[in-house]
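This report concerns only the one structure given below.
Convention: sequence-line order gives letters A, B, ...; per-chain numbering from 1.
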Amino acid sequence: MYYRRTLTDAQINRELLHVVFTTPMWWIVLVVSLGLVVAVAVAAVGYMFNQGLGVTGLRQPVFWGFFITNFVFWVGISHAGVMISAILRLSQAEWRRPMVRAAEIMTVFSLMAALTMPLVHAGRAWRIFYWIFPYDWSRGIWPDTRSPLIWDPVAIFTYLISSSLFVYTALIPDLAVIRDRSKGTWRYPMYAILSLGWHGSPHQWKLQGIAGILLSALILPVFVSVHSIVSWDFGVSLVPSWHVTVFAPYFVIGAVHSGVSAVVTLMVIMRKLYHLENYIWEEHIDALARLLIVVATGWFFLFWLDFVFALWTREEQEMVVWNLRLFEAPWGWLFLTFFITSYVIPVPLWLFKRVRRSFTWMLWTSLLVNVGMWLERFLIIVPGLVRKGPLVFDYGSYRPSIIEITIVVGTLALVPFLLLLFSKFFPLIPLWEEKEGQKLIDHIQLGNVKVPALVKEH
Amino acid sequence: MATQAKPSTHGAGDRDTPKWEMVVDLDRCTGCQACVIACQAENNIPINEESAFHEARVIQWIRIERYWEGEFPDVKARFLPLLCQQCDNAPCESVCPVYATYHNNEGLNVQVYNRCVGTRYCGNNCPYHARLFNYWEPTWPEDLRNQLNPDVTVRTRGVMEKCTFCIQRIRRATRGGEAVADGDLQPACAQACPTSALVFGNANDAGARVSKLKNDKRRFRVMEELGTDPSVTYLKQVDTDG
């Protein structure tokens, strides 16, 4: 139904591999400028390691700030990958085809960005491998598995490994195409090794298909677990307003909200930069926007529950935090911004077909969602620490330092930077998925009826 | 009555093993801050200069929280010396991924600086805000370097620290396995307190002052409702005269 345009295999190869075989000017400009931002952030990290965490805005008792907010944000973005590729693949949504790889690879890179955050956040980052790896090294002490900070790396590394495998399995047929088209050049050995001797025999296709389905199914528990576990960093603590049972589903659906929005942003920008008008159509972002309406409303419901639970119990400290969030500057303003940008503006707009099918509208609304969702994480984490606690008078506000802001901006540049580098070596839209989609719309005229020429076996 | 206080290999329930506790008599506390200074000197805590107060990164293992009660001119100053409560059900311990803080068999919440990587989760999870982070490398003026306590580790930047109940004194006093009379062993804060508002001792010794005072009818424990089971008991007569 979605494949209304007929593209030949040769055309698909030519258009999708364009940036792999040529280097446009905009690509160089973007890579250099984003690379510079990343380099500045790396310098900021170096300065911070050299001077100590005193250069951040953290203070007694606000021990967690921008870095942890950014960590939760990037883990949230990474949820798009599993949502788009695993769930849509298993539910056989045809419209997933052009976005699976971009979503998956964004997952991998945003998880990498997320992983840098706890590392730079720690007081002695050079010792952090003691706790990430469940091995006693030379100390004779294993990590404490009661701590959510052990669950975190386990969940995230599981996700990273399975996503990387997923991306790679889906890449193999495309790698073989590049290999065959680059004989005699410097590229050839690299792609020859990476494509693992793929020559497209029916047996290989079968195995590749089975691997894809299996990985999709195996990755599904990760879909629920990763952000649940991240939410338990807060949920299992004693801090009022963190200590909330609804956090796990609330975080998961919030992650899908921000992640799918990020895929929309990425799709629109990709379409423009890589001239993918033949592949990414209005129908695709329309479908994403309809998915987003459901996800955003589900997320809003859980956000509302979080609020109502606090009102319901009328627990004093919970009320203190909500009072801070809603009525005290600057938190109130941030809250208003978060509320408007993540739900009030985008969702009603998405109800209009004209907005859902407009690339410009979708670009800006999806960006707004992620501004809001970044603030959401900030408003979950920091006010609980800033609040006026009982019997302790060391409360006070938190203001991020320029170093923290630089590092956070650095991660915002890092993910597109890595995506651009990736696109230089690998096609952002899977060639074989597109070709398969084309095959599935071939029809044969049999008397008065048209029947599909090919029926996919599952 | 003296008790045999020795490092034990038995579990915490063992009556021979000391259970170190403290009682803070708020009716005696004048808020003079002698305990804060004594702790600073004993435990090699860097000097809190003006900048530390501006940055809100003051390191005090014991601090005096001050409250005003009533409206001017009928106003009363209230003081609450707050230190690590050495909770028996400590929220800081279970969240540390590297066992940098754990409970020992003498009821102490122990901080191992070498293991700490500085995730600061324990600090978030401590409702008493007794845990402090070294944001900067601690420094002392050259002429004060020789007065550092050789029994106490000088912490590096990037690690958490907190009150230890002067564990170095406990270790010295109980090293040989000899008996320690009640009152002979005191942390620096209790020793310096001019009004004896701070009482330290072995709560497993029924005759110790701390065991008697902790069952006083004026007793309460700070934020007991959180289920942290603190080892510090506070005493306060509730004013009835308004």
Counting N and O atoms only, with roles assigned by atom type, does the side chain of [X] sit under 3.5 Å from a partner on the main chain of [Y], one being a donor and the other an acceptor?
| X | Y | value |
| --- | --- | --- |
| B/R120 | A/F63 | yes |
| A/H121 | B/T119 | yes |
| B/R57 | A/G54 | yes |
| A/R59 | B/H54 | no |
| B/N125 | A/L238 | yes |
| A/R146 | B/P97 | no |
| A/Q60 | B/V58 | no |

Heavy-atom proximity to chain A below 4.5 Å, by part of [X]:
| X | value |
| --- | --- |
| B/E55 | backbone |
| B/L132 | both |
| B/R131 | backbone |

Between [options], which residue shows the highest count of heavy-atom pairs closer than 4.5 Å to chain A?
| options | result |
| --- | --- |
| B/M223, B/M160, B/E93, B/H129 | B/H129 |
| B/N124, B/L80, B/L82, B/V95 | B/N124 |
| B/P91, B/A56, B/C116 | B/A56 |
| B/G123, B/G158, B/A130, B/C126 | B/G158 |
| B/Y99, B/Y67, B/Y128, B/F133 | B/Y99 |

- Using the six-membered ring wherever Trp is involved, compare the ring planes of B/Y121 and A/W64 and label them parallel, tilted or perpendicular (cut-offs 30° and 60°). tilted
- Measure distances from A/W151 to the heavy atoms of chain B and classify the residue's part below 4.5 Å as side chain, backbone, both or neither. neither
- B/N48 meets the side chain to side chain donor-acceptor pair (under 3.5 Å) criterion, sequence neighbours left out, with none
- Item | Residue, of A/T56, A/T145, A/I68, A/V236, that accumulates the most heavy atom pairs under 4.5 Å with chain B | A/T56
